[in-house]
Amino acid sequence: GSVLSSYGWYLLLAVVAVGGLVQKMSRSLAARPSGRHGAAEAVEEPDMVVRRQEALAAARLRMQEELNAQAERYKEKQKQLEEERRRQKIAMWESMQEGKSYKGNLKLSQQEVESGASASAVPKSKPNKKPLRGGGYNPLSGEGGGTCSWRPGRRGPSAGG
């Protein structure tokens with residue numbers, strides 16, 4: 001009786017832990033497929049594995065071909081951009097040799113394109129614009145601005161940021 005009174009709580013805790021482990025082991029064994037069912041699966045499995053691997057290889061090959069095509073298109077685009085930059089540099093160098101400004105040359109070529117598109121167009125003159133307010137308007141002075149004037153904000157706990 002003295003052992004049970006001294007170590008009773010420890011023995012009770014050990015019995016509960018062992019019971020929990022037994023239940024967990026029985027559930028895992030019940031979830032495991034039976035031996036005969038596993039043998040039948042093993043016969044079909046190599047065919048399924050081979051088919052799955054072939055499908056995976058085919059998908060990888062398709063993806064690689066798409067990636068190669070995209071890379072080829074990107075290279076072509078980069079070549080075209082590089083060729084365009086080279087042409088612009090040559091044009092700039094030639095215009096500098098002739099003593100013209102490169103920026104001016106660009107503006108002239110754009111105007112030629114626009115004038116070619118609309119040869120009969122008359123250049124429009126800008127209408128004379130009136131200022132919106134008189135010359136003596138100062139929003140900070142409070143004069144000449146009509147009824148609007150600046151007022152300080154309301155003090156309160158909601159202010160802040």
Separation between CZ (Arg62) and CD (Gln64), nearest 0.5 Å, reads 13.0 Å
The complete set of side-chain hydrogen bond (donor to acceptor under 3.5 Å, both in side chains) pairs with one or both residues in residues 71-81, sequence neighbours excluded, reads Tyr74-Gln78
Side-chain donor-acceptor distances from residues 3-27 under 3.5 Å, at least two apart:
unit_1: Ser5; atom_1: OG; unit_2: Gly1; atom_2: O; d: 3.3
unit_1: Ser5; atom_1: OG; unit_2: Ser2; atom_2: O; d: 2.9
unit_1: Ser6; atom_1: OG; unit_2: Ser2; atom_2: O; d: 2.5
unit_1: Ser26; atom_1: OG; unit_2: Val22; atom_2: O; d: 3.4
unit_1: Ser26; atom_1: OG; unit_2: Gln23; atom_2: O; d: 2.8

Residue set satisfying salt bridge (charged side-chain N to carboxylate O under 4.0 Å, His left out) with Arg86, at least two apart, ordered chain then number -> Glu83
